[in-house]
Amino acid sequence: MGSSELEDEASAAVAAHANGAADVRRRRDQAKEILSKQAVKIATKAEEHERFIFKLTHLMGVLGFGTFCYLLGARPQDVPYVYCLFYFIFVPLRWIYYRYKKWHYYLLDFCYYANTFLLVMILFYPKDEKLFMVCFSFAEGPLAWALIVWRCSLVFSSFDKLVSVLIHLLPGIVLFTIRWWNPQTFAAMHPEGRAARVTWPYVEDKSYLWTWLFVVPLAAYTLWQLMYFLIVNVLRRQRLLRDPEVMTSYRELSKKAQKANNIWWRLSGLLGDKNRPLMYILLQALFTVATLAFTVPIFLSYRLHWIFQILKVCAATWNGGSFILEVMPRQVVQKEKKKREMKPTEEANSKEHIDDPLGNRQHIAEKQSQ
């Protein structure tokens with residue numbers, strides 16, 4: 001076989017590989033486009049029936065809350081599986097809604113990263129003490145305090161706010177039941193042929209405690225921060241610059257902080273406006289370090305742990321009451337005002353559509369284009 005034939009075969013192989021890769025990319029893009037269109041269609045239909053969905057969400061939220069409280073007392077060992085059911089149903093629904101609203105980059109936030117850790121632990125490594133401690137640190141550290149600091153509101157009539165609260169609240173409750181109330185935990189505290197242990201997970205010494213409740217979780221958080229920065233600030237940077245309507249956590253928080261001119265806006269501007277994203281990362285890192293450190297005394301004390309659960313529920317409920325009484329009335333007024341403003345425009349367009357013959361409209365359009 002001559003060298004020219006070998007070159008031809010090599011060229012053909014390269015071309016076939018390139019065509020195959022292009023075909024895979026084309027199919028992937030088509031699938032992505034179909035999913036995006038379906039998400040928009042579902043979300044649009046939901047907005048058309050907003051009032052009914054609000055009532056249904058309120059009903060299901062109240063019934064679900066009552067059922068969950070019953071399970072919490074009657075069968076605490078089933079609470080982790082209820083959480084898994086919540087994750088598999090509501091996180092995909094949130095992606096559909098957020099994709100329509102151009103908020104889908106929120107699903108890259110740390111709270112979803114931490115929830116995924118917990119899901120993996122429950123389903124695949126339920127007896128891994130070290131992974132349990134890492135998940136505990138995430139749930140009762142950054143997630144729990146974000147619920148309080150960012151004023152998450154327990155509003156049963158709002159699907160979005162209800163899911164936001166549960167994403168931050170449920171992991172801590174799940175881990176509380178596993179640590180203190182689960183019958184399987186009690187069995188692990190009294191293994192056959194061994195002396196009874198005080199708690200599960202078993203804490204050998206303080207260095208072990210700080211390693212798995214602070215050092216390792218902090219390393220996992222740093223890994224998330226690097227991946228988030230790579231995706232949002234490098235790989236998807238041009239996409240975000242082209243469309244200012246696409247929201248990220250930094251965009252939303254900076255927008256609210258600038259409007260309120262609060263301490264967070266002033267702190268983020270210490271290094272100048274150009275370095276606000278960097279300051280946001282530093283402030284978030286400080287928040288994470290402080291909240292992770294606080295999980296150590298919570299982990300060791302049953303009393304402190306259940307008091308903290310009550311504090312979280314009370315904060316979310318209080319914020320929900322404030323939202324219903326102060327924010328929702330303003331939102332209703334704004335929506336009605338927007339509808340009244342749009343109504344004359346729609347009536348004028350409808351009248352023009354009826355009165356003008358087709359040819360005349362085409363003639364007017366041609367004149368305007370000239």
Side-chain angles (χ1 to χ4, degrees), residues 98 102-118 134-153 160-161 164-165 167-169 171-172 210 213-237 239-241 244-298 308 311-312 315-316 318-319 322-323:
Y98 276 16
K102 296 185 178 181
W103 296 349
H104 47 289
Y105 285 97
Y106 287 149
L107 271 70
L108 296 174
D109 286 353
F110 181 76
C111 54
Y112 296 95
Y113 178 77
N115 273 269
T116 304
F117 259 79
L118 178 58
V134 172
C135 292
F136 185 97
S137 187
F138 285 163
E140 300 297 30
L143 260 65
W145 286 101
L147 181 78
I148 299 168
V149 173
W150 305 125
R151 296 177 58 80
C152 292
S153 304
D160 186 45
K161 291 196 171 295
S164 292
V165 168
I167 283 287
H168 293 85
L169 181 65
W210 280 93
L213 283 178
F214 184 78
V215 177
V216 175
L218 188 59
Y221 164 81
T222 305
L223 176 63
W224 165 82
Q225 185 66 82
L226 291 172
M227 292 191 298
Y228 184 89
F229 183 84
L230 178 64
I231 295 170
V232 175
N233 295 82
V234 179
L235 299 177
R236 306 299 292 173
R237 177 179 174 80
R239 168 77 176 92
L240 292 169
L241 290 175
E245 291 184 0
V246 176
M247 293 301 294
T248 63
S249 293
Y250 168 72
R251 280 187 173 180
E252 183 194 14
L253 292 173
S254 61
K255 184 179 178 181
K256 289 182 177 180
Q258 183 180 15
K259 186 177 180 181
N261 194 26
N262 57 23
I263 187 172
W264 301 111
W265 180 252
R266 292 191 290 273
L267 286 173
S268 66
L270 290 176
L271 299 179
D273 287 338
K274 290 184 178 180
N275 293 314
R276 284 188 187 276
L278 176 61
M279 281 300 298
Y280 172 73
I281 292 173
L282 291 176
L283 289 171
Q284 190 178 23
L286 289 173
F287 170 81
T288 303
V289 169
T291 55
L292 288 178
F294 189 67
T295 60
V296 176
I298 291 176
F308 192 49
L311 173 64
K312 290 187 291 182
W318 180 275
N319 293 336
S322 299
F323 181 84

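Hydrogens, waters and symmetry mates are skipped; everything else that's a heavy atom, side chains included, is used. Treat the numbers as computed from the prediction; the structure is a model and nothing was measured.
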Worksheet, complete the sentence: Residues Thr291 and Pro142: closest non-hydrogen pair is OG1-N, 3.4 Å

Item to complete: Report the residues that fulfil ring-ring contact (aromatic ring centres under 6.0 Å, His included) with Tyr112, sequence neighbours left out, ordered by chain and then residue number.
Response: none

Discussion item. I need the Thr288 OG1 to Leu143 CG distance, nearest 0.5 Å.
Written reply: 10.0 Å

Practice prompt. For atom CH2 of Trp318, decide whether the heavy atoms of other residues, nucleotides or ligands shown that lie under 6.0 angstrom number more than 12.
Written response: no

Fill in: With Val215 via side chain to side chain contact (heavy atoms under 4.5 Å, CB included) - residues at least two apart
none

Worksheet item: Considering residues at least two apart in sequence or located in another chain, which fulfil the ring-ring contact (aromatic ring centres under 6.0 Å, His included) criterion with Trp210?
Response: Phe214

Item to complete: Tell me, please, which residues at least two apart from Ser164 pass side-chain hydrogen bond (donor to acceptor under 3.5 Å, both in side chains).
Response: Arg94

Worksheet item: Which heavy-atom pair separates Asn115 from Pro171 by the least distance, and what is that distance?
Response: OD1-CG, 3.3 Å

Item to complete: Evaluate the ring planes of Phe117 and Phe138, with Trp represented by its six-membered ring, and classify them as parallel (under 30°), tilted (30 to 60°) or perpendicular (over 60°).
Response: perpendicular

Worksheet item: Yes or no on side-chain contact (heavy atoms from CB on, under 4.5 Å) for Leu147 and Val165, after CA distance, side-chain angles and deciding distance?
Response: CA-CA 7 Å; Leu147 181 78; Val165 168; 4.2 Å; yes

Worksheet entry | Partners meeting side-chain hydrogen bond (donor to acceptor under 3.5 Å, both in side chains) with Ser322 (sequence neighbours left out) | none

Item to complete: Please examine the side chains of Cys152 and Asn319, heavy atoms only from C-beta on, and report whether any two atoms are closer than 4.5 Å.
Response: no

Discussion item. Return the OG1 to NZ distance between Thr248 and Lys102, rounded to the nearest 0.5 Å.
Written reply: 14.0 Å

Discussion item. Holding to side chain to side chain contact (heavy atoms under 4.5 Å, CB included), I want the full list of residues that pass it with Leu108, two or more places apart in sequence or in another chain.
Written reply: Tyr105, Tyr228, Ile231, Val232

Practice prompt. Please work out which of the three classes, parallel, tilted or perpendicular, describes the rings of Trp145 and Phe308, given edges at 30° and 60°.
Written response: tilted

Worksheet item: Relative to each other, are the rings of Trp224 and Phe110 parallel, tilted or perpendicular (30° and 60° limits)?
Response: perpendicular

Discussion item. I'd like to check the salt bridge (charged side-chain N to carboxylate O under 4.0 Å, His left out) partners of Lys312; sequence neighbours left out, ordered by chain and number.
Written reply: Glu140

Worksheet entry | Side chain Ser137, main chain Val134, donor-acceptor under 3.5 Å | no

Would you give me the side-chain donor-acceptor pairs under 3.5 Å for residues 277-284, sequence neighbours excluded?
none

Discussion item. Holding to side chain to side chain contact (heavy atoms under 4.5 Å, CB included), I want the full list of residues that pass it with Tyr106, two or more places apart in sequence or in another chain.
Written reply: Tyr98, Trp103, Asp109, Met247, Ser249, Glu252

Discussion item. I'd like to know whether Met227 forms a side-chain contact (heavy atoms from CB on, under 4.5 Å) with Tyr113, so could you lay out the CA-CA distance, the side-chain angles of the two residues, the decisive distance to 0.1 Å, and finally the verdict.
Written reply: CA-CA 11 Å; Met227 292 191 298; Tyr113 178 77; 3.9 Å; yes

Discussion item. Among residues at least two apart in sequence or on other chains, which ones pass side chain to side chain contact (heavy atoms under 4.5 Å, CB included) with Ala290?
Written reply: none

Practice prompt. Using the test side-chain hydrogen bond (donor to acceptor under 3.5 Å, both in side chains), find all partners of Tyr221 that sit at least two apart in sequence or belong to another chain.
Written response: Gln225

